[in-house]
Protein chains: 2
Amino acid sequence: MTTDSTAAGAALPAGPPLTARQEARRRRILHASAELAGRGGFDAVQMREVAEASDVALGTLYRYFPSKVHLLVATMQDQLQHLHATLRKRPPTEPEPGARVAQTLMRAFRALQREPHLADAMVRALTFADRSVSPEVDTVSRLTTAIILDAMGLDGAPTPEQLSAVRVIEHTWHSALITWLSGRASIAQVKIDIETVCRLIDLTAPVPRA
Amino acid sequence: MTTDSTAAGAALPAGPPLTARQEARRRRILHASAELAGRGGFDAVQMREVAEASDVALGTLYRYFPSKVHLLVATMQDQLQHLHATLRKRPPTEPEPGARVAQTLMRAFRALQREPHLADAMVRALTFADRSVSPEVDTVSRLTTAIILDAMGLDGAPTPEQLSAVRVIEHTWHSALITWLSGRASIAQVKIDIETVCRLIDLTAPVPRA
DNA sequence: AACCGTACTGAAACTTGTTCTAGATTAGCG
DNA sequence: CGCTAATCTAGAACAAGTTTCAGTACGGTT
């Protein structure tokens, strides 16, 4: 539960198993990526610097992550898994599903506020990704969906309407982050947007409370 | 109304007035940008090619648009103004405000489907833009907001709740476009997302019909 | 019409993501 | 242990966005 190394491998279903050295390299690279991103954001993650900081040749870096966007999306996968684990430990306290999701997303948002540059790098990479990164972006999307569904605290499987609502919430979440990161929306504004969109959930799931 | 040269200047509130030659240069640049974007999308808009196609030196191009993202966001402003004018001519037919907005956005979506590469270039630039492009991105946002508010067909001024709903709709609109452009969502999926989020409007504006 | 400051041109240079190559290491295997 | 294929390294090379600079053309002023 507290060890994240076990969960980390689960995100990469394909490819041959890596040796210990290779796993260590991969981890060093992701660490360097997050480190550099934590400073200057997207632009500060320069492939040569990542390679040097993780003690790996440039060509090797590109063997592990075929582009800067791939690298940053993988970094986001990594961070999201940490976040998911953290959020699980303290489930939301609100009774209504919509409020629970809003509460959870606001917690995530506060976590991002502590590392705005890292958030910048990851979110920009995510929305800038083209088709060649689709599988990885999809993994991130599934992780996000899982976090939201977790927060809803459903009894059974979600209905199609609920899944649509969750998709829209995800859209709003990403786009609101972008506007905040580029300085066009305040923290308060993002909060309002999240709370607004979360009303959709209570609209589709009219509280089947006992 | 039909001449766009008059409307084009309205989007740039700052800066000294341009001479006729300068206005013509600006227009040639935007045309070349849209042309190239219409082919290969974001990557196909190469600054050297834009400069050559618009018969302008590279340095001059950068004087008019300080970065590729600035250029593409300006291109989006331009296209949005066309779109706004086109949409005004045929207002939505649905009675409910939410359905009117959904109908309008689906029209816009169909227009984008005709030029998917152009859409790719513009939307990617928009979400990739950093703080240095905030004013221009904000202009695009205001244009989009205007289109949505137009579609709602309000009698008076929108309430704060309605403005929040519109913001969330914009978030969903941009993010849904991204997922479609990167091949992670189908056209049908985008339609559902738009219709889902547009319910928020009828939630905040409970049909003050007569 | 001569003059001055600003804008434009053409071309080179610089930056950073990405690719390529030749040689050194490593991992797995008989 | 010795062999072989795959991986890794160091570094050059390439591509496209961006900057810079010396010289030229333009627009307004006197």
Side-chain angles (χ1 to χ4, degrees), chain A residues 15-29 32-33 36-37 39-75 120-122 124-126 128-133 136, chain B residues 12 15-30 32-33 36-37 39-75 120-122 124-126 128-133 136:
Chain A
L18 300 181
T19 71
R21 291 174 70 99
Q22 288 175 323
E23 189 57 51
R25 274 196 199 97
R26 196 183 127 81
R27 206 117 281 291
R28 284 206 307 277
I29 293 172
S33 169
L36 288 171
R39 293 207 245 293
F42 187 89
D43 294 328
V45 181
Q46 301 194 357
M47 299 304 269
R48 286 174 179 83
E49 288 203 33
V50 173
E52 186 172 6
S54 50
D55 210 29
V56 145
L58 190 55
T60 305
L61 172 53
Y62 273 95
R63 175 183 288 274
Y64 281 74
F65 303 97
S67 79
K68 173 170 172 171
V69 169
H70 281 86
L71 171 58
L72 285 172
V73 171
T75 303
D120 171 77
M122 298 190 304
R124 296 259 295 284
L126 197 70
F128 190 60
D130 65 354
R131 302 179 105 87
S132 71
V133 205
E136 289 79 3
Chain B
L12 295 174
L18 301 181
T19 70
R21 294 173 68 102
Q22 288 175 323
E23 189 58 50
R25 273 197 200 95
R26 197 184 126 82
R27 208 117 280 291
R28 284 204 308 277
I29 293 172
L30 287 176
S33 168
L36 287 171
R39 294 208 244 294
F42 186 89
D43 294 329
V45 180
Q46 301 193 357
M47 298 304 269
R48 288 174 176 85
E49 288 203 34
V50 172
E52 186 172 7
S54 49
D55 211 29
V56 144
L58 190 55
T60 306
L61 172 53
Y62 273 94
R63 174 182 288 273
Y64 280 74
F65 302 97
S67 79
K68 175 170 172 172
V69 169
H70 280 86
L71 171 58
L72 284 172
V73 171
T75 303
D120 171 77
M122 297 189 305
R124 295 259 295 286
L126 197 70
F128 190 59
D130 66 354
R131 301 180 105 87
S132 71
V133 204
E136 289 80 3

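So that the names make sense, note that chain A is the first sequence line, chain B the second, and so on, each numbered from 1. Being a predicted model, the structure only gives us computed values, none of them experimental.
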Side-chain donor/acceptor of [X] to backbone N/O of [Y], under 3.5 Å:
X: Gln22(A); Y: Thr19(A); answer: yes
X: Ser33(A); Y: Ile29(A); answer: no
X: His70(A); Y: Ser132(A); answer: yes

Discussion item. Looking at dC8(D), I'd like to know if its phosphate oxygens (OP1 or OP2) sit under 4.0 Å from a side-chain N or O belonging to Gln22(A).
Written reply: yes
Measure from [atom1] on [X] to [atom2] on [N] and round the result to the nearest Å.
X: Lys68(A); N: dG17(D); atom1: NZ; atom2: C1'; result: 13 Å
X: Phe42(A); N: dT16(C); atom1: CZ; atom2: P; result: 13 Å
X: Gln46(B); N: dG17(C); atom1: CD; atom2: C1'; result: 14 Å
X: Arg28(A); N: dT9(D); atom1: CZ; atom2: C1'; result: 13 Å
X: Asp55(B); N: dT9(C); atom1: CG; atom2: P; result: 8 Å
X: Glu52(B); N: dA16(D); atom1: CD; atom2: C1'; result: 15 Å
X: Asp130(B); N: dG17(D); atom1: CG; atom2: P; result: 16 Å
X: Phe128(A); N: dG17(C); atom1: CZ; atom2: C1'; result: 11 Å

Discussion item. I'd like to check Arg48(A) versus Glu52(A) (side-chain heavy atoms, cut-off strictly below 4.5 Å). Are they in contact?
Written reply: no
Worksheet item: Is there side-chain contact between Arg124(A) and Leu72(A), with at least one heavy-atom pair below 4.5 Å?
Response: no
Item to complete: Could I get the full list of ring pair (Phe, Tyr, Trp, His ring centres under 6.0 Å) partners for Phe128(B), not counting sequence neighbours?
Response: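 By the ring pair (Phe, Tyr, Trp, His ring centres under 6.0 Å) rule, Phe128(B) matches Phe42(A), Phe128(A).
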Practice prompt. Identify the two heavy atoms, one from Met47(B) and one from Leu71(B), that lie closest to each other, and give their separation to 0.1 Å.
Written response: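 Between these two residues, the closest heavy atoms are SD-CD2, 4.2 Å.
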Worksheet item: What are the two closest non-hydrogen atoms of Leu61(B) and Ala51(B), and how far apart are they?
Response: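 Where Leu61(B) meets Ala51(B) most closely, the heavy atoms are CD2-N, 3.9 Å.
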Discussion item. What's Val69(B) touching, base or sugar-phosphate or nothing? Going by heavy atoms closer than 4.0 Å.
Written reply: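 Contact class for Val69(B): none.
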Practice prompt. Identify whether any heavy atom of Val50(A) sits under 4.0 Å from a base atom; if not, whether one sits that close to sugar-phosphate; answer base, sugar-phosphate or nothing.
Written response: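 Result for Val50(A) = nothing.
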Practice prompt. Would you mind reading off the bend of the helix from dA1(C)-dT30(D) to dG30(C)-dC1(D) from its two end axes, five pairs each, to 10 degrees?
Written response: 10°
Discussion item. Measuring from atom CE of Met122(B) to atom OG1 of Thr75(B), what distance do you get when rounded to the nearest 0.5 angstrom?
Written reply: 8.0 Å
Discussion item. Please give me every residue in residues 56-67 of chain B whose heavy atoms get under 4.0 Å of an atom in DNA chain D, ordered by residue number.
Written reply: Leu58(B), Tyr62(B), Ser67(B)
Discussion item. Need to verify one output field. Residue with the more 5' nearest nucleotide on DNA chain D, Arg21(B) or Met47(B)?
Written reply: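 Closer to the 5' end of DNA chain D: Met47(B).
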Worksheet item: Hey, which of these two, Arg48(B) or Arg25(B), hits DNA chain C nearer its 5' end, going by closest nucleotide?
Response: Arg25(B)
